[in-house]
Amino acid sequence: MPDQSPISSVNDFVVRFANVNGSGSASANELFARSILRHGVPVSPRNIFPSNIQGLPTWYEVRVTEAGHLGARGGVDMMVAMNPQTWDKDVASIEPGGYLFYDSTKPMPSSKFRADINVIGVPLTAITNSTYTDPRQRQLFKNIIYLGALCALLDMDPKLVEQLIGEQYKSKEKLLSSNVHALHLGRDWALQNLKCPIGLQVKKSDKVGDRIFIEGNSAAALGAVYGGATVCAWYPITPSSSVAEAFTSHCKKLRHDPETGKAKYAIVQGEDELASIGIVIGASWNGARAFTATSGPGISLMTEFIGLSYFAEIPAVIMNIQRAGPSTGMPTRTQQCDIIACAYASHGDTKHVLLFPEDPAEAFEFAAQSFDLADRLQTMIFLMLDLDIGMNHRLCRPLKWDDARQYDRGKVMTAAMLDEPGRDFGRYLDVDGDGIPYRTYPGTHPTKGSFFTRGTSRDRYARYSEEGAVYADNMQRLVRKFETAQDLVPRPLQANAAKPTKYGVIYFGSTAPAMDEAIGLLEARGHQLDRMRIRAFPFHSSVASFIADHDFVYVVEQNRDAQLRQLIVNENGIDPVRLVPILHYDGTPITARFIANAIGDHQDHLKVTPLRKAVS
Amino acid sequence: MTYIARPKFHHPGLKKNDLGYTHRDYEGKISTLCAGCGHDSITASIIEACYELSIEPHRVAKISGIGCSSKTPDYFLGNSHGFNSVHGRMPSVLTGANLANRDLIYLGVSGDGDSASIGFGQFAHSIRRGVNMTYIVENNGVYGLTKGQFSATADRGSKSKKGVMNTDNAIDLVAIALQLGASFVARSFSGDKTQLVPLIAAAIRHKGASFIDVISPCIAFNNHAGSTKSFDYVREHNDAVNRLDVLTGRDPITVEYAPGTVQVVEQHDGTRLALRKIDADYDASDRLAAMTFLQKHAAKGQVVTGLLYVDPDAEDLHTHLDTVETPLNTLEAKDLCPGTAALEKINASLR
Ligand SMILES: Cc1ncc(C[n+]2csc(CCOP(=O)(O)OP(=O)(O)O)c2C)c(N)n1
Ligand code: SF4
């Protein structure tokens, strides 16, 4: 009997599965998460995996959260400990009063348990071995058997799980029935031998609504389909590969000419990132919508071309799914650490547009929008995701599209326009004062509108020139164009605290769900904060006014060097003292607990020791 | 990379091609390469080939990397779009451009430094993908624009202008193009217009990856044979400026010789090049034989010129990707966007 009362909670707990990479557990674990969703209860799952294919530890965490918190919570209420390698660490991470679920086929010494947790043993290997002879089957069905046992322990409706299995193996009758059989093996054993249910329970609810469950990378790829991308060139790198893979599968389903069956897209796996971005730039120069997806090391390689895109004013889209750097860093861990690298990528004076979606729904919208922005601004657009959004399923609002929406192809001069009497074409002429010149696509007109694209300095008519004034004129126009971008990119979203406050918080991207939850935790501690979610760089003017309106503004981000804060200080000339960095960068997703503690402690400190004038 | 435009005056008596265009319609800006540079002769051959093929100049996209050679697209087809990309990366930019609009003609111009060193990977991969293009390497064995360092095509044992011996083996781009599956492979000499013009014309007509390696003497850094006093000059020479202030120009080297014969050409630096023009009865449909032929003559110190290999039924990257006939860059929202109905279905499948 544990010396701590067992945790008791309905629809609000964290289950973590500790497995060995390559054991086929991923699909069973995901099935668990989806089953809870089918109960009408929101979940927020996270994949924690090593940068290795087989043998190393991997974890899958499901936060069951009727309140709908979609950030990571921290702490584990139930550990499904299937990996002997990480046993000690896994057992240690269980909250007091929590539950340990393990394979009790072989007896474990009591020293391997803790007195303050509830131990649930199921002889999984024994059950599996008595039913299956094939080693692969044994491995795979063991996962479904523990899922069945969890169904009983957590009081889940097995019908809902069966339904999901049915959808998964729609036309594969044999797989369907054998999986359902394994599910019931586990469930029946638990019902007969254990006290079911335990303190953690899943009860049917109606809190999921019409929301969808999707990974950010897949949503971004779908955004590229809807946004009209026809050329994708990429090079494999975690955590971005699944963007290109999803784009490929979406295109296969959605983008074939119904009559000829031919593809209305071209996808090339480049030989490296240099080639990928080169292909994208070549395609965009020639009037197609093109993108690549990569991560930090790829961005490093692409920077020369990114500078070319900036200076020669060629539209392009890079989806950067950030992982922990520098160098190879932690390839399968999340961070928001490429902000500065992307904002100022390449040599010389450059500035690039960055978009920061908070979830898959926004990843879809921003991805589609990035092609309009790239064409409108004739520059590189970075869609800044990170592993936490990109590779984890998130519950989000359904994806929306307006069928009346037309693509904004920006300022493109056609043959007819070139023929208009009195019309002057200069590739780098700022006709409208917004810093954006007209371009022509190659092949437009037999005698008019052709020009030479180059990375060297040139005049407004694209004629090579190293004249100082000509160069400066061009560089100034590029600044003007960047200012124009401010009003075209998604604006920051602001929300005021319940009571007037002198303090604010700025955050962005995948931090959003944890931040939403942290606000509640902070209010409970008596702290009020106005908040602003930044959604793009260049910063809208409201960012500077938000900072001006508060004594202190916390800037929450997932990197060591407070990169967004640096960018705000640099671009808006703000006194750095006014911006308090709240930094989380160990590679795990930021949690509400972390934010609330860090900001709460700072706020408490302000209250306890108010800044006094020195008494001399 | 000049800004000096050619005067627009056309002599009324100029000969016209099928489209009614004169030679002048295929010219570009005035070259600022060194007088006598082989690259200028290649420019002239490109102009000639396009004129003879009656190509609409604006239907050509000319793409290059960085180097003296890569500047040349500015000097031909003034009415077509050009793209001077970054060093060694012409092939990827061209590949992307080609994917966007399969209806244009793609002319890729590169140097041996550009293609055999920094861009070796891109050269190889564009060839193996079968991009429909004419890829011309203007091969002088040195880095012209950065003043005479060895390139990867320089022969082992050759000496740089400063007298340094090259101890590395040379890369033979033609051999590699053959090995990688280029469906049109040729080598020529900048001074042999009779051979080069039809080769370029045939390469442009070929659907698939055409590769032509053109030996192109560099007057500035090939002029050091045993002489330290030859050119005492001040030279502003970087990516952007290509003006040789004190450099005695030379006449470009030209040759004419019959198929099956060997012609020894003395280059600006006094070195000798033994060019072997392949026989009229050479079988250009046998890739393996081409490789052997090349090796056999290389062992004799001869540089084989002519059309080495062609596969008339070649497929290109678009065929491999099975893309629609309509250029991708002309597809609009109605062709590309699956719409709300499809999205609703997707949403439903994600619940
Ligand atoms: C990334 C990068 N590295 C180096 C250079 C400098 N650079 C300019 S041209 C060139 C070599 C050109 O040689 P080649 O391609 O043989 O052309 P050539 O000038 O001989 O015609 C180099 C190294 C550059 N522009 N970019
Ligand atoms: S340096 Fe050599 S390659 Fe460059 S223009 Fe002069 S002769 Fe030609």
Side-chain angles (χ1 to χ4, degrees), chain A residues 210 212-214 222 225-226 228 230-231 233 254-255 257 260 262-268 270-272 274-275 278-288 290 304-305 308 398-401 403 405-407 440-447 450-457 463-466, chain B residues 1-3 56-59 61 63 73-74 78-86 89 91-101 103-104 121-122 124-125 129 239-241 317-318 321-333 335-340 342-344 346-347 350-351:
Chain A
D210 68 345
I212 59 166
F213 194 54
I214 185 174
L222 202 54
V225 173
Y226 274 75
T230 50
V231 177
L254 303 166
R255 277 278 193 79
D257 185 271
T260 60
K262 287 183 177 290
K264 289 190 266 184
Y265 60 90
I267 301 169
V268 175
E271 58 270 28
D272 52 34
L274 302 167
I279 290 171
V280 167
I281 285 179
S284 303
W285 171 76
N286 213 1
E304 188 191 19
F305 257 135
L308 178 74
L399 307 179
K400 271 214 189 81
W401 189 259
D403 279 336
R405 182 167 161 177
Q406 290 297 315
Y407 296 149
T440 51
Y441 297 154
T444 297
H445 194 287
T447 53
S450 73
F451 62 93
F452 212 91
T453 303
R454 50 166 69 94
T456 35
S457 181
R463 293 173 300 213
Y464 164 72
S465 165
E466 284 193 23
Chain B
M1 202 129 342
T2 179
Y3 49 90
E56 291 179 281
H58 74 292
R59 302 300 295 169
I63 298 164
D74 218 5
N79 278 328
S80 58
H81 279 62
F83 193 157
N84 223 179
S85 63
V86 293
R89 319 289 173 202
S92 63
V93 175
L94 189 151
T95 303
N98 182 295
L99 289 176
N101 184 357
D103 282 357
L104 299 184
Q122 295 220 334
H125 289 274
R129 289 193 182 105
D239 280 13
V241 187
L317 179 60
H318 277 283
L321 295 174
D322 199 23
T323 44
V324 286
E325 295 298 325
T326 325
L328 295 177
N329 69 350
T330 60
L331 300 178
E332 297 167 20
D335 310 302
L336 297 173
C337 184
T340 48
L343 201 55
E344 274 314 312
I346 294 170
N347 280 328
L350 296 168
R351 291 192 177 111

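Order of the sequence lines fixes the chain letters, A, B, ..., with proteins taken first and strands second; residue numbering starts at 1 for each chain. Just so it is clear, the model here is predicted, and its values are computed rather than measured.
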Colleague: Using side-chain heavy atoms (C-beta onward) and a distance below 4.5 Å, is B:Phe83 in contact with A:Ile281?
Modeller: yes
Colleague: May I ask you to test the A:Arg255-B:Leu336 pair for a side-chain heavy-atom distance under 4.5 Å?
Modeller: yes
Colleague: For the residue pair A:Phe451 and B:His81, categorise the inter-ring angle as parallel (less than 30°), tilted (30 to 60°) or perpendicular (more than 60°).
Modeller: perpendicular
Colleague: Which atom names give the shortest non-hydrogen contact between A:Trp401 and B:Gly339, and what distance separates them?
Modeller: CD1-CA, 4.5 Å
Colleague: Given heavy-atom pairs under 4.5 angstrom as the criterion, report whether the side chain, backbone, both or neither of B:Pro338 touches chain A.
Modeller: both
Colleague: To the nearest 0.5 angstrom, please state how far the CG atom of B:Asn329 sits from the OH atom of A:Tyr441.
Modeller: 7.0 Å
Colleague: Would you mind checking which part of B:Pro73 comes under 4.5 Å of any heavy atom in chain A, side chain (CB onward), backbone (N, CA, C, O), both or neither?
Modeller: both
Colleague: Residues in side chain to side chain contact (heavy atoms under 4.5 Å, CB included) with B:Asp322, at least two apart?
Modeller: A:Lys262
Colleague: Please rank A:Ser450, A:Gly287, A:Ala288 by heavy-atom pairs under 4.5 Å with chain B and give me the top one.
Modeller: A:Ser450
Colleague: Measure distances from A:Val231 to the heavy atoms of chain B and classify the residue's part below 4.5 Å as side chain, backbone, both or neither.
Modeller: side chain
Colleague: Output, in order, the C-alpha distance, side-chain angles, deciding distance and verdict of side chain to side chain contact (heavy atoms under 4.5 Å, CB included) for A:Ile214 and B:Ile346.
Modeller: CA-CA 10 Å; A:Ile214 185 174; B:Ile346 294 170; 5.7 Å; no
Colleague: Between A:Thr260 and B:Glu325, is the side chain to side chain contact (heavy atoms under 4.5 Å, CB included) condition met? List the steps.
Modeller: CA-CA 10 Å; A:Thr260 60; B:Glu325 295 298 325; over 6 Å; no
Colleague: Once rounded to the nearest 0.5 Å, what's the spacing between atom CZ of A:Phe452 and atom CG of B:Asp74?
Modeller: 4.5 Å
Colleague: Who pairs with A:Glu271 by side chain to side chain contact (heavy atoms under 4.5 Å, CB included), at least two apart in sequence or on another chain?
Modeller: A:Ala275, B:Gln122, B:His125, B:Arg129
Colleague: Check each atom of B:Ser80 against the heavy atoms of chain A and say whether the ones under 4.5 Å are side chain, backbone, both or neither.
Modeller: backbone
Colleague: Does the side chain of B:Leu104 come within less than 4.5 Å of A:Pro442's, by heavy atoms?
Modeller: yes
Colleague: Quick check for you: among B:Pro327, B:Ala100, B:Gly78, B:Gly82, which has the greatest number of heavy-atom pairs under 4.5 Å with chain A?
Modeller: B:Gly82
Colleague: Quick one: CD1 on A:Ile279 to OG1 on B:Thr95, what's the gap to the nearest 0.5 Å?
Modeller: 5.0 Å
Colleague: So which of B:Thr330, B:Thr326, B:Leu350 has the largest heavy-atom pair count under 4.5 angstrom toward chain A?
Modeller: B:Leu350
Colleague: Heavy-atom distances under 4.5 Å only: say whether A:Leu308 touches chain B with side chain, backbone, both or neither.
Modeller: side chain
Colleague: Would you say B:Ser92 and A:Phe305 make side-chain contact, with heavy atoms under 4.5 Å?
Modeller: yes
Colleague: Determine the option with the most heavy-atom pairs under 4.5 angstrom with chain A, choosing from B:Thr323, B:Leu321, B:Asp335.
Modeller: B:Thr323
Colleague: So which part of A:Ser457 gets closer than 4.5 Å to some heavy atom of chain B, the side chain, the backbone, both or neither?
Modeller: neither
Colleague: Between atom CG of B:Leu331 and atom OH of A:Tyr407, what is the distance when rounded to the nearest 0.5 Å?
Modeller: 10.0 Å
Colleague: Among A:Leu254, A:Leu399, A:Asp257, which residue forms the greatest number of heavy-atom pairs with chain B at distances under 4.5 Å?
Modeller: A:Leu399
Colleague: In terms of heavy-atom pairs under 4.5 Å with chain B, which of A:Pro398, A:Ala290, A:Gly455, A:Ala263 leads?
Modeller: A:Ala263
Colleague: Give, as side chain, backbone, both or neither, the part of B:Leu94 having an atom under 4.5 angstrom from any heavy atom of chain A.
Modeller: neither
Colleague: To the nearest 0.5 angstrom, please state how far the NZ atom of A:Lys400 sits from the OG1 atom of B:Thr340.
Modeller: 12.0 Å
Colleague: Heavy-atom cut-off 4.5 Å, strictly under: side chain, backbone, both or neither for A:Leu222 against chain B?
Modeller: side chain
Colleague: I need the minimum non-hydrogen distance between A:Tyr226 and B:Ala342, along with the two atoms involved.
Modeller: OH-CB, 3.6 Å
Colleague: Rounded to the nearest 0.5 Å, how far apart are CG of A:Asn286 and CG of B:Asn101?
Modeller: 5.0 Å
Colleague: Looking only at heavy atoms, which two atoms of B:Leu99 and A:Ala266 are closest? And how far apart?
Modeller: CD2-CB, 3.9 Å
